[in-house]
Amino acid sequence: MVAPMNQPDTRPEKPDDLAHEPASGSLSARARAAVAPQLPYLSGLNPEQRAAVEATEGPVLVLAGAGTGKTRVLTTRIAHLIATGRAQPHQILAVTFTNKAAREMRERVTSVIGPVAEGMQWLGTFHSIGTKILRRHAELVGLRSDFTILGTDDQLRLMKQVIEAEGIDEKRWPARQLASLIDGWKNRGLGPNQIPAGEAGAFASGRGGKLYTAYQDRLKTLNAVDFGDLLLECLRLWREHPDILEQYQNRFRYMLVDEYQDTNVAQYLWLRLLAQARKNLCCVGDDDQSIYGWRGAEVDNILRFEHDFSGAVVIRLERNYRSTAHILSAASVLISKNQSRLGKTLRTEDEPGEKVTITGAWDSEDEARLIGEEIEALHAKKHSLAEIAILVRISAQMREIEDRLVTLGVPYRVIGGPRFYERAEIRDALAYLRVVNQPADDLAFERIVNVPKRGLGDATIQVLHNHARAARVPLVEAARFIVETDELKPKPRSTLRDLLTSFGRWSKLSETMTQSEVAQTVLEESGYTDMWQKDKSADAAGRLENLKELVRSMEEFPDLQSFLEHVSLVMEANESDTTERVSLMTLHAAKGLEFDTVFLPGWEEGLFPNQRALDESGRAGLEEERRLAHVGLTRARRRAKIFFASNRRIHGLWNSTIPSRFVDDLPEADVEVVEAPANFSYGGTSRFDRMAPFSGSSYQTPGWQRAQAHRSTTDDGGYSARRSGDRRGPMMIEGELVAKSTGAASSFKAGGRVLHSKFGPGTIEAVDGNKLTVEFDKAGRKMVLDSFVDAMG
DNA sequence: TGGATCAGTCTTTTT
DNA sequence: GACTGATCCA
């Protein structure tokens, strides 16, 4: 599997090669290029990094392991292209996956070469660049240039309508399923006419393809696209109009792609079309960090790069500047168990540092308690909370950890979670603004016509729909007609008329007001703000806060139109919070981040590797899970702490669990097994813990809200216990290898009777190292660790 | 129409 | 256990 190491310097830098390139072959450009080797920004790079920066011509794949200076190479490369006169800023295409990454790249390029970098109009996400291109040629793909971009929920609503229109039972064939099917096709670059024969029948007994076509038709009617279309329609545009493709091929002299391992087929095709002419495509990525396969990312894209782009140079960055040797070695050995990889060996000159710890907890509550204690101990030693992260496999794991942190009074922040613009209140507010901006926006209108409740329910909407469909007009127009007839009962009729009048008035406001004033007015006059003010639930205050934030953030934009445009693509909550907090997030959300100390709870079979990933994708699924483990470990600079629990509640039921196979993948020399103080009689949480509410941090997190909900049932309003007594400090006793089955053979034998403190008595069916399969008399068959059962006489 | 209750579901989530 | 969607009843 390990490809031979390519010599980066097989391709000597020859700026003169550019002579055949029309515009950039000017004397001045070449003169500037000639001084490149002395340019100061190159001096801090190691030889591989420098090679990656200087191999400007032809296809280049930079395999950049975790912490090897990937971003630095990318930004320096851009700076180099500009500084040496090879390209003007606007002739460089630089694509990332997230807006955050794009923003950071722009900032870093600017810091190297100054404000010239502001001229990089083609630095952005695949989707934002796709949007830009489509707006220019919208009419060629059957759209108007002011098309709207649909979010996931609008998409779903539309699909529901399409399914119903086809007379298909939406319960049997849920819209979600169709959405993921169509998404999958779009990810693979397939339009409605290009679906492989065997797959068109995948939905509603053979009507999948038909529904896809119907959905696309509805989108066109609404002058709308979904995220997938932003790429797919570009592909269609370029295929049907080679002259336009040529324009872009000529424009983009150099192309750079970040996180190449995450590209899907559509993105690959998109890049390949553009790169065909000049072939100056530089992709940076790490096959070992490909964790989005389930979302359509094709690891194959990176594995086959050399094959797809002939003459490609592959440069490996293997010098890690982030983690200590033990952590790096543990991560490297773990990932080496994967078969589908190009192969890299990360190395560091850093000290060995602390070993990776593995701690077994009794149950998930206990696990959360241990983590909490370790965090407190670190904090007491002046370790910054901002440098601590807890990375979980699934969000459901967060609950117990949050509860524990709240109890202890440890400030934390949940990263990821619902995006700002995905929150219901934000989407509602935006829907109002969309209708104000564009009354024909049916999906937006439908969303808010009865929010807040106005008595315009399903029955009324149905009437509007019928008329709209019959007359082929937008809903708003249908409504205008209907209120003049007596089709509706008097009450809904006058309510609807009032609403239409309001929208008419609001649309005119933008002539005299700024868009944030308009928004403010609309939200107040519509009764929307009122609705949340009257809401007594715990999160209403947070929602109002979010609405304020929305209105505030609008001020930066020239008009409503451009704000809405921005919002459909970007919109992240801008956290202006300086309090030091522990970060809690999923492993997926952690990619690209780093922390001094990383806690990795839940390393149990079934949870991590996730059973569903295994069931659905087999070995590929397992390998992706292992890459996720690798990502988790490599987030840590100085301390990585793995945990597993022997009992975990899954869907509300307690299950006995066994340690993850990834624990056994780790090299013994780099890990240390920590014996958890296994005092089960405490049962995890004491009454005192439960009674301690907490105030002052993270009031928007679910944990806080749960604490609030809890507080109303307790009686000690506001008193915050820092800690419920040090009955069990974090005892770091070096013990035998509880977690590994490589240790001494278990003293248990099949057929023997054992007693488990949670499951009661049972009979051993099989022994595998220290893992026992036990048929419990009451609880059924479970896998348990031998250290958690006692032999019965 | 809207609240209340019940059954069924349950990874990961840029754009 | 907690959330969603559907169905029932006032």
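So you know, we letter chains A, B, ... as the sequences are listed, proteins then strands, and number each from 1.
Residue-to-nucleotide proximity on DNA chain B shows that, of A:E624 and A:P492, the 5′-proximal contact is made by A:P492. Comparing A:L587 and A:G455 by the nucleotide of DNA chain B that holds the closest heavy atom to each, the one mapping nearer the 5' end is A:G455.
Applying the 4.0 Å criterion to OP1 and OP2 of B:dT13, one finds that A:T586 has a side-chain N or O inside that range. A close approach under 4.0 Å does not occur between any side-chain nitrogen or oxygen of A:R295 and OP1 or OP2 of B:dT12. For A:N610, no side-chain nitrogen or oxygen approaches OP1 or OP2 of B:dT12 to under 4.0 Å. Within the 4.0 Å cut-off from OP1 or OP2 of B:dG2, at least one side-chain nitrogen or oxygen of A:N450 is found. A sub-4.0 Å separation between OP1 or OP2 of B:dT12 and a side-chain N or O of A:S395 is present. Distances shown here put every side-chain N or O of A:R612 at or beyond 4.0 Å from the OP1 or OP2 atom of B:dT12. OP1 or OP2 of B:dT1 has at least one side-chain nitrogen or oxygen of A:T460 nearer than 4.0 Å.
Taking atom CD1 of A:I394 as the reference point, atom P of C:dA2 lies 14 Å away to the nearest angstrom. Atom pair A:D258:CG and B:dT14:P shows a separation of 16 Å (rounding to whole Å applied). Here the C1' atom of nucleotide C:dG1 and the NE2 atom of A:H651 are 11 Å apart, to the nearest Å. Taking atom CG on A:L150 and atom P on B:dT15, their separation rounds to 17 Å, with Å as the unit. In this structure, CZ of A:R103 is placed 9 Å from P of B:dT15, rounded to the nearest angstrom. Here B:dT14 presents its P atom at 17 Å from CG of A:D226, a figure rounded to the nearest Å. Residue A:K489 contributes atom NZ, which lies 10 Å from atom C1' of B:dT1 at whole-angstrom precision. Between A:M531 atom CE and B:dG2 atom P the separation is 12 Å, expressed in whole Å.
Note that NZ of A:K160 is 12.5 Å distant from CG of A:L178, once rounded to the nearest 0.5 Å.
Between A:Y292 and A:W294, the ring planes are tilted. Angles from 30° to 60° get that label.
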*Verdict with reasoning, A:L622 to A:R661, per side chain to side chain contact (heavy atoms under 4.5 Å, CB included)*: CA-CA 10 Å; A:L622 174 64; A:R661 68 191 78 186; 3.9 Å; yes

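Residue-level contact check: A:A459 touches the backbone only, with heavy atoms under 4.0 Å from sugar-phosphate atoms and none from bases.
Among the nucleotides C:dG1, B:dT1, B:dT11, the one closest to any side-chain atom of A:E625 is B:dT11.
Judged by the 6.0 Å and 45° rule, A:R135 forms a cation-pi pair with A:F147. Cation-pi geometry between A:R218 and A:Y215 is not satisfied (NZ or CZ under 6.0 Å from the ring centre, within 45° of the ring normal).
Lacking a ring centre under 5.5 Å from that of the base six-membered ring together with a plane angle below 30°, A:H588 does not count as stacked on B:dT13. An aromatic stacking contact links A:W294 with the base of B:dT12, defined here by ring centres under 5.5 Å apart and ring planes under 30° from parallel. Between the side-chain ring of A:F227 and the base of B:dT15, a stacking contact exists by the 5.5 Å and 30° definition.
Scanning atom types as modelled, no donor and acceptor separated by under 3.5 angstrom connect the side chain of A:R393 and the base of B:dT11.
Taking 4.5 Å as the limit, every side-chain heavy atom of A:S660 sits out of range of all side-chain heavy atoms of A:F644.
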